[in-house]
Amino acid sequence: MALQSDKSISRVSELTTREGETVKLRGWVYAIRSSGKIAFLQFRDGTGICQLIVSENDMSGDEYNLATGLGIETSVQVEGTAKVESRAPGGVELIVKHLTVIGQSEDYPIGRKEHGPDFLLDKRHLWLRSPKQAAILRIRSSVEHAARLFLHDEGFFEFNSPILTPTACEETTLLFEVDYFGLSAYLTQSGQLYSEAGITALERVYCFGPSFRAEKSKTRKHLTEFWIVEPEMAWFDAEDNMEFQERFIKAMVAYVLEHNEKDLTLMKRKPEDIDLSAKAFEIITYDDAVKDLKANGFKTEWGRDFGAEEEAHLIKKMETPFFIYKYPVEARAFYIERDPSDDRLALSSDTFLHGEYGSEICTGGQRASSVEFLEEQIRRLKLNLEDYEWYLDIRRYGSVPHSGFGLGIERTVRWICGLHHVRETIPFPRMLKRLSP
RNA sequence: UCCUCGGUAGCUCAAUGGUAGAGCAUCCGGCUGUUAACCGGAGGGUUGCAGGUUCAAGUCCUGCCCGGGGAGCCA
């Protein structure tokens, strides 16, 4: 008989509605406490946690000895009576009558006490099982699902851009190079240039996938492989782009608030900490940000992007997410449109989440429309013009004003969960010094 | 790449230059409502690696390796 067709199996999430009934559960035992002739097994399946009560009053001596001798993380099938019980972690427990071991587990390396990050990351394949880690991954899944739902409702098509690319999107020193039948290829940093081709066919597209950056960064905001969702829209200017980002970010957070209440509680993250529904994102110009920083004692030079301390100052003082808009042209990517009213400025914005766990989560802007300007920019950065001929063709044949942005999933999840480091927001983080597991 | 802190039992950490320890985990025993349970006992060490100083080095010095935090850069 196929395992899934066994309709007699229940799941932990149903238990509160099955009070007094005999139910079967399948899952993992993640902790055991015993007190004489009664033992408390902490149990979980994919839907939640409950407590198993094991006592010789309710089961045979052999099964009792089996149950109390289980190793941490043994997988089991149990049968017993469901009971709502305020003393039980999770609020519900099962008085066990029968227990069968499905998969043994001896000397499970992750204990109930503290561990260091290096040890936990070495054991990441097991660490994922910890309730907090599982909660983070459920929230991550919600964020990704909410992004797709929202974009679908807004008339977007998911557009799969290539992972192997022949050229740099931005700076060449940060690329991972791979051998492609004797040619050099690079792991993608962004699908944006390809999405710009996509909008001429579909008007609104987004790519959603991994981005690879060979940055030698060791900070709590950086991974060498991270996931990015990049909407690109025809007939959007830079301000439409910001208005859209605000609705997009609010939709993702609202979805998590609606669907991950227990997970947020486990993270000790209060709904009011992340509820953005009543907040308007502020737009600050680069000029004003520089003035503010200078007034606060920073030696900020006009024309450069902000450093970590400057960024932290701006994030800390804000009580809503915000945009920094109209950066100097030289501080932005080559494909950004200039401000028609001041050609020193780029129609580009960065988007920041505020507060203790805030950081830059999006970069975006209006794309340049002039072939001549783009050629000049490509030469300035000493990129190979031939590699970009296809990209310039988008301007040569029926170009339209268009904008887009990229949003970093890990930094967004980090903010929602209130996490110190982005490494916990992805199942298997890739960092400067870590390629396994 | 640079700055900074660290590497001691399976894990988290102690240890004035002078006998290498604790808590947790593991194993044995006790406890009928535990909440990272608790109580008693046992086993468990090439102090990251290689040199050096010293009567004596986990401790001081040099080099290397590995990791944490940060910078630059970025989502």
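Note that the structure is a prediction, hence the values are computed from the model and not measured. Note on naming: letters A, B, ... go to the chains in the order of the sequence lines (proteins, then strands), and numbering restarts at 1 for each one. Note that these values count all heavy atoms, side chains included, but never hydrogens, waters or copies made by symmetry.
You'll find the ring centres of A:Tyr194 and A:Trp390 inside the 6.0 Å limit.
Among the heavy atoms of the strands, none lies under 4.0 Å from A:Asp350.
Between A:Ser211 and B:rA75 there is no side-chain polar atom (N or O) within less than 4.0 angstrom of OP1 or OP2.
Within residues 409-431 of chain A, the residues that have a heavy atom under 4.0 Å from RNA chain B are, in order of number, A:Arg411, A:His421, A:Arg423. Within residues 29-40 of chain A, the residues approaching RNA chain B are A:Arg33, A:Ser34, A:Ser35, A:Gly36, A:Lys37, A:Ile38, A:Phe40, by heavy-atom distance under 4.0 Å.
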Would you write out the dot-bracket form of RNA chain B, 5' to 3', with Watson-Crick and G-U pairs under 3.5 Å, [ ] for crossing pairs, | for pairs to other strands and . for unpaired bases?
(((((((..((((....[..)))).(((((.......))))).....(((((..]....))))))))))))....

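With A:Ile283 as reference, A:Met242 is the one residue of A:Lys326, A:Glu246, A:Met242, A:Glu243 to meet the side-chain contact (heavy atoms from CB on, under 4.5 Å) rule. Across A:Lys24, A:Arg18, A:Glu21, a single residue satisfies side-chain hydrogen bond (donor to acceptor under 3.5 Å, both in side chains) together with A:Ser10, and that is A:Arg18.
One can place CZ of A:Phe212 at 20 Å from P of B:rC74, the figure rounded to the nearest angstrom.
Ring geometry, A:Phe322 versus A:Phe352: the interplanar angle falls under 30°, so the pair is classed parallel (tilted spans 30 to 60°). Under the 30°/60° scheme for interplanar angles, the aromatic rings of A:Phe244 and A:Phe248 are found to lie parallel.
With both ends at atom C1', the span from B:rC28 to B:rU62 equals 49 Å, rounded to whole Å.
A cation-pi arrangement is absent between A:Arg129 and A:Tyr30 under the rule of less than 6.0 angstrom and at most 45 degrees off the ring axis.
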